[in-house]
Every structure is written in C-alpha cells, then in structure tokens.
Amino acid sequence: MIGKNVRARFAPSPTGALHIGGAHTALFNWLWARHNGGRFILRIEDTDRERSTPEYERTILDGLKWLGLDWDEGPDIGGGRGPYRQSERLHSYMERAEELLDRGLAYKDGDAVIFKVPSGEEMVLHDLIYGDINIQSGRVSTNQDGSVKDIVMIKSDGMPTYNYAVVIDDHDMNITYVIRGEDHISNTPKQMLLYRAFGWELPEFAHLPMILGADKKKLSKRHGATSVFEYSDMGYLPDSLFNFLALLGWTAGNDTEIFDRALATELFDLANVTKKPAVFDMDKLNFVNQEHLKRLDPASRREAVEPFWQLLDLPLERFGKKYLEDALSLMGGRGRTTRELAEFSDYFLDFEPVKLRYDASDIPEERRLVLREFFGELLNLPIWGAQEMEEFARRWCERNETPLKDVAMPLRWVLTGRKVSPGVFEVTALLGRDECRARLTRYGLAG
RNA sequence: GGUCCCAUCGUCCAGAGGUCCAGGACGCCGGGUUCUCAGCCCGGUAACAGGGGUUCGAAUCCCCUUGGGACUGCCA
C-alpha cells in the first residue's frame with residue numbers, strides 16, 4: 001500500500017505533562033505506525049536546558065503508557081538508532097554543523113552556528129494532509145521588515161535549536177513519516193532547506209489539525225484539564241480518551257464511532273485526516289466514555305471504579321469482588337465516568353454517607369406508622385429477592401390503595417440517601433436483609 | 001505588519017460536479033418504557049460564511065471578500 005516502511009515518531013519536549021495536543025499527535029503517529037506494521041519511535045527533545053526536567057519526561061512516558069501507546073524505540077528501551085534524548089546526541093549536531101561550516105553553507109557568530117538562508121529558490125512542501133504548499137526560500141525566515149533572516153542551528157550555549165536538531169535526528173533515526181501538529185507547517189520549510197543543504201531525502205510530512213477549546217482558541221490551561229492524567233483523575237477510561245482523540249480530525253468511516261485500539265489501527269488512514277481544526281467537546285467525550293463503560297466486563301469495570309471508591313474512603317475491603325461487580329452492574333448506565341459511578345454507588349459499600357445525606361425529617365408521623373407496617377412485612381419475606389419484594393410491594397400497595405412510589409421512594413431514600421438509584425428492590429436485594437433492617441431501623445421505620 | 005493554513009448543523013465527522021430542498025454521531029427538545037434517574041426505543045431541531053465566475057448542472061472547481069488559526073525566539 002505504501003512504498004516505504006513506516007518509521008513514525010513522537011518527539012515531545014519534557015517541559016510539562018503530556019497534554020491533549022501532544023497525546024493527539026502521539027496517537028496519530030502510533031496509529032499510522034501500527035496500521036502499517038511499522039515502528040513507533042519516542043524521542044525526547046530536551047534541548048531547552050531551562051525548562052526540561054527528568055520528572056516531566058517520566059510523566060510523559062507514563063501518560064503515553066496510560067493511553068496505551070507503546071513505542072518500539074525510545075530513551076527508556078533504546079533501539080538501533082539511539083540515543084533517543086537530544087541532550088545525548090550533541091556530538092552529532094556539532095559534527096553536522098562543522099560540515100556545513102566547512103562547505104560554507106553556515107557561519108559562526110560567537111559560539112553559535114548559523115545557517116545561511118538562500119533566497120530565490122522555489123520549493124514545494126508536499127503535505128500528506130494539506131496538499132502542496134509553495135514556498136520561496138527567501139520568505140522562509142524573515143525579519144520584521146521582510147529581509148531574510150538566517151537560521152540558528154547551534155545556540156550560544158552549545159545546544160542545537162529545534163529546527164536544526166529535528167532534521168538531524170529524523171534523518172539519523174531514519175524517520176520516514178513526520179506527523180505533527182499544524183503549528184509546525186511554517187517550520188517545515190526551514191527544515192527542508194536544511195535537508196537540501198545536507199543532500200538528504202525528505203521524509204513524508206503530514207500535519208495534523210489543531211485541537212481547540214470550546215471558544216475555538218488553541219487549547220490551553222484556561223480551558224481546564226489539559227494533561228491526560230487530569231482526565232484519568234476525572235474518571236475517564238484511557239480507552240475512551242484514545243477513542244475520542246482519534247475522532248478529532250479523523251473518522252473511521254461507515255459510521256463507526258466507538259472502537260478499541262485494534263479496530264482503530266485497522267481502519268486508520270492518513271488520507272482520511274481532516275484539515276479543519278477540531279474543538280475538544282466534553283459532551284462527546286462523556287458520551288464516548290459512557291459507551292466504553294457499558295462495554296466493559298464486570299471485573300474490568302470494578303477495577304476501574306475501585307480507586308475512586310478508595311478515594312471516597314469507602315470500606316472496600318469488606319466486600320467480595322462479586323458483590324462489588326453486582327453493585328456496578330445494577331448501576332447500569334448511571335454515571336458517565338468511573339468517578340461518578342463510584343460516587344453514585346457509595347451506599348452499597350457504606351451506610352455513613354447515606355446518613356449524611358438523609359435524615360427522614362420529610363416523613364410525617366402518620367405516614368411513618370404506615371411505612372413501618374409495610375417495611376415490617378417486607379423484612380420478613382420468606383425469600384429475599386428483588387422480584388419477590390416487588391411482587392409483594394405491588395400487592396400490598398394495591399391492598400392499601402397506595403401508589404407504589406409512595407413506598408418505593410422512602411425506601412430508596414433510606415437505603416441510598418439519594419432520590420435517584422437503580423431499581424429500589426434490586427438495591428434492597430443486593431444490600432441484604434440485615435443491612436436493610438439496620439438502615440430502616442436507624443430511621444425509625446422498622447425494628 | 002509579513003508568510004502560511006483553514007472555512008458543511010452549537011460540536012465532531014460524511015459528502016471527492018448531478019443520486020443533496022445535504023447524511024451520521026454528540027448535544028438539545030418532545031414522546032414511549034417506569035418505583036426515581038440513567039439506559040433503551042421512537043420522533044424532532046439545526047449547516048453548505050458572503051459575492052462573483054466556470055459549467056447544461058456546484059456544498060463539491062477558480063477568484064475575491066469576510067471570519068478563524070498558526071508561525072514570525074539562540075522555545076519546542
């Protein structure tokens with residue numbers, strides 16, 4: 001299908017956590033590499049001595065792993081084209097700079113090395129997504145007054161600049177596809193000039209549309225969560241963020257919107273990537289997350305929710321896996337995130353939060369007497385099952401000319417402390433006779 | 001200011017000259033199921049930025065305008 005073997009890379013600079021834009025870029029590179037059976041390479045661009053830290057590098061790697069993006073070559077696992085950290089490749093940059101210096105294509109300015117930008121040359125950037133873009137070399141890098149500005153390759157501190165290092169590295173690492181954000185389109189001509197100076201073959205370029213906030217401005221801190229771990233903390237599944245991010249600027253076609261990594265990998269194609277910047281829409285993310293939540297098997301769902309129950313200080317250890325999984329399966333589609341699922345189901349694990357939410361002061365005394373009678377009978381049913389309880393309740397209500405909700409709602413409040421829950425007899429059945437008796441008694445409705 | 005990019009429902013995508021008085025999804029609104037809510041089912045709302053061309057015919061091609069965006073660092 002494509003002429004060359006795919007070597008794609010993600011090259012973040014460790015000056016912050018893995019943010020949404022970076023994750024999106026990494027994701028598309030990963031998808032393209034995996035789709036073609038190629039290699040996905042991770043390179044750390046830590047030439048900014050001021051802002052780069054090992055901690056940030058760590059969190060970026062962790063973020064990628066969390067998203068399920070694995071790499072074949074990288075700073076932590078090595079590979080045949082390493083090292084994969086720019087700070088460890090300084091000799092290559094110097095060596096190549098000397099070469100251009102010797103050939104008179106660059107000059108020194110103090111300790112810095114500057115590339116002499118030629119003017120009057122025509123170039124065409126063949127972008128796989130944006131199509132052909134015509135470039136005049138004299139306009140690639142200019143001063144405010146429009147005059148040609150030469151390109152710094154090596155800074156005075158001995159570190160290479162981005163536009164220079166990226167060319168050396170992509171060449172040395174034999175990167176065949178450079179897939180990155182659209183904000184790099186205007187950098188590409190500078191890099192092309194360097195490729196030309198070295199006489200190297202260009203990689204394929206593919207620029208991805210930007211991701212915008214709801215106000216259509218480039219996604220930033222003021223739009224709220226920007227790091228992938230913030231989404232993890234909010235209770236979004238990695239599979240969901242993966243799915244959602246893949247949908248920004250690309251469609252699988254044939255109305256497929258919910259997919260896992262395998263399906264996305266199979267269907268992905270750079271040819272189907274959009275040019276238009278995409279707005280990050282939380283509503284859609286919520287929808288995607290809920291869909292993935294629904295598709296989770298009971299054990300996986302339990303494992304995803306457990307950390308959030310823990311955060312709420314609920315006595316997780318008192319319950320068996322089966323009980324917790326049953327509770328979550330009763331929760332059904334309630335809750336769009338694992339965090340919400342945990343919150344909305346707290347009463348299955350502990351009575352304390354229920355007491356905090358509800359005091360039964362809304363039940364008048366005469367009503368209380370009637371309810372005691374009903375709950376008394378309910379608690380003594382021979383078979384403790386949801387169906388049995390519901391049948392009993394319906395019969396009892398019919399007999400007493402009472403709407404079912406008049407007993408169902410009080411029961412719900414007492415058991416869950418909420419006005420919303422799964423079917424109340426389901427809840428009652430799962431909680432167990434003893435627990436229900438205890439809760440009802442506490443509110444003076446039984447015992 | 002300069003260079004470059006983009007432009008279909010509120011949002012994400014379909015649409016690659018006729019099959020489009022524009023299709024799907026999210027959201028929103030209404031209805032059904034019902035002990036609540038979610039879910040599920042059914043229905044609805046809503047767009048080709050504007051103006052010129054080209055053509056028998058344009059959402060699709062060209063130009064202009066307008067509106068967004070990116071870059072313009074010895075940051076990446």
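All values below were derived from every heavy atom in this structure, side-chain atoms included, with hydrogens, water molecules and symmetry-related copies excluded. Quick note on labels: first sequence line is chain A, next is B, and so on, each numbered from 1. All values derive from a computational prediction rather than experimental measurement.
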Participant: When both hydrogen-bonding distances must be under 3.5 Å and the geometry is Watson-Crick or G-U wobble, what is B/rU60 paired with, if anything?
Facilitator: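 Pairing partner: none.
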
Participant: Pick the closest RNA chain B nucleotide for A/Asp48 and for A/Gly146 by heavy atoms, then say which residue is nearer the 5' end.
Facilitator: A/Gly146

Participant: If you look at every strand shown and take non-hydrogen atoms under 4.0 Å, does A/Gly423 touch a base, only sugar-phosphate, or nothing?
Facilitator: base

Participant: Across the strands shown, which category fits A/Pro403 at heavy-atom distances under 4.0 angstrom: base, sugar-phosphate, nothing?
Facilitator: nothing

Participant: With both distances under 3.5 angstrom, what nucleotide forms a Watson-Crick or G-U wobble pair with B/rC40?
Facilitator: B/rG32

Participant: Check every strand shown and say whether A/Ser421 touches a base, only sugar-phosphate, or nothing at a heavy-atom separation below 4.0 Å.
Facilitator: base

Participant: Under 4.0 Å, counting only non-hydrogen atoms across every strand here, what does A/Arg336 touch: a base, just sugar-phosphate, or nothing?
Facilitator: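 The answer is sugar-phosphate, as A/Arg336 gets under 4.0 Å only of primed atoms, P, OP1 or OP2.
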
Participant: Could you report the tightest heavy-atom contact between A/Thr428 and A/Leu411, atom names first, then the distance?
Facilitator: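 Heavy atoms of A/Thr428 and A/Leu411 come nearest at OG1-CD2, 3.7 Å.
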
Participant: Is the A/Trp32 to A/Tyr177 ring centre distance short of 6.0 Å?
Facilitator: yes

Participant: How is A/Val424 classified with respect to the nucleic acid when contacts are heavy atoms under 4.0 Å: base, sugar-phosphate, or nothing?
Facilitator: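 Base, at least one base heavy atom under 4.0 Å.
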
Participant: Between A/Thr402 and A/Trp396, does any side-chain donor sit less than 3.5 Å from a side-chain acceptor?
Facilitator: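 No, A/Trp396 and A/Thr402 have no side-chain donor paired with an acceptor closer than 3.5 Å.
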
Participant: Mind checking if A/Asn286 touches a base, just sugar-phosphate, or nothing, with heavy atoms under 4.0 Å?
Facilitator: nothing

Participant: With a non-hydrogen cut-off below 4.0 angstrom, is A/Lys419 in contact with a base, only sugar-phosphate, or nothing?
Facilitator: base

Participant: Describe the nucleic acid contact of A/Met409 in one word from base, sugar-phosphate, nothing, applying a heavy-atom distance below 4.0 Å.
Facilitator: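 Answer is sugar-phosphate: A/Met409 comes under 4.0 Å of backbone atoms only.
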
Participant: Which is true for A/Ala112 with a 4.0 Å heavy-atom rule: it touches a base, it touches only sugar-phosphate, or it touches nothing?
Facilitator: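 Base, at least one base heavy atom under 4.0 Å.
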
Participant: Can you tell me which residue pairs pass the ring pair (Phe, Tyr, Trp, His ring centres under 6.0 Å) test with a partner in residues 128-168 of chain A, sequence neighbours excluded?
Facilitator: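 Found A/Tyr162-A/His184.
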
Participant: A/Asp109 near the nucleic acid: base, sugar-phosphate alone, or nothing, with a heavy-atom cut-off under 4.0 Å?
Facilitator: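 Base: the residue A/Asp109, judged by heavy atoms under 4.0 Å, touches a nucleobase.
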
Participant: Give one of base, sugar-phosphate or nothing for A/Thr142, where a contact means two heavy atoms less than 4.0 Å apart.
Facilitator: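 Sugar-phosphate only.
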
Participant: Which base sits across from B/rA14 as a Watson-Crick or G-U pair, both distances under 3.5 Å?
Facilitator: none

Participant: Which is more 5' along RNA chain B, the nucleotide nearest A/Val279 or the one nearest A/Thr161? Just name the residue.
Facilitator: A/Val279

Participant: Under the criterion side chain to side chain donor-acceptor pair (under 3.5 Å), which of A/Arg43, A/Arg7, A/Arg9, A/Arg81 is the partner of A/Glu73?
Facilitator: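 Of the listed options, the one satisfying the test is A/Arg7.
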
Participant: Under a plain distance cut-off of 3.5 Å, with no hydrogens placed, do A/Asp359 and A/Ser361 share a side-chain donor-acceptor pair?
Facilitator: yes

Participant: Under 4.0 Å, counting only non-hydrogen atoms across every strand here, what does A/Thr15 touch: a base, just sugar-phosphate, or nothing?
Facilitator: nothing

Participant: Specify the closest pair of heavy atoms between A/Lys275 and A/Pro209, including all atoms of both residues, with the distance to one decimal.
Facilitator: O-CB, 3.7 Å

Participant: Would you mind classifying the nucleic acid contact of A/Asp46 as base, sugar-phosphate or nothing, using non-hydrogen atoms under 4.0 angstrom?
Facilitator: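 A/Asp46: no heavy atom of the nucleic acid under 4.0 Å.
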
Participant: Assess the pair A/Tyr231 and A/Phe280: is the distance between their ring centroids shorter than 6.0 Å?
Facilitator: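 Yes, the ring of A/Tyr231 comes within the 6.0 Å limit of the ring of A/Phe280, centre to centre.
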
Participant: Going by heavy atoms closer than 4.0 Å, what residues in residues 259-266 of chain A are next to RNA chain B?
Facilitator: none

Participant: Tell me the partner of B/rC75, counting only Watson-Crick (N1-N3 plus N6-O4 or O6-N4) or G-U wobble (N1-O2 and O6-N3) with both under 3.5 Å; none if nothing fits.
Facilitator: none

Participant: Which atoms form the tightest heavy-atom contact between A/Leu293 and A/Arg301, and what is the distance?
Facilitator: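 So the minimum-distance heavy-atom pair works out to O-NH2, 3.2 Å.
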
Participant: First and last nucleotide of RNA chain B in contact with chain A, 5' to 3', at under 4.0 Å to a heavy atom: what are they?
Facilitator: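 From 5' to 3', the first and last contacting nucleotides are B/rG1 to B/rA76.
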
Participant: Given A/Pro189, which of A/Leu194, A/Val140, A/Ile133, A/Val124 fulfils the side-chain contact (heavy atoms from CB on, under 4.5 Å) condition?
Facilitator: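 Going through A/Leu194, A/Val140, A/Ile133, A/Val124 one by one, the side-chain contact (heavy atoms from CB on, under 4.5 Å) with A/Pro189 is satisfied by A/Val140 alone.
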
Participant: Using a cut-off of 4.0 Å on non-hydrogen atoms, how would the nucleic acid contact of A/Glu257 be classed: base, sugar-phosphate, or nothing?
Facilitator: base

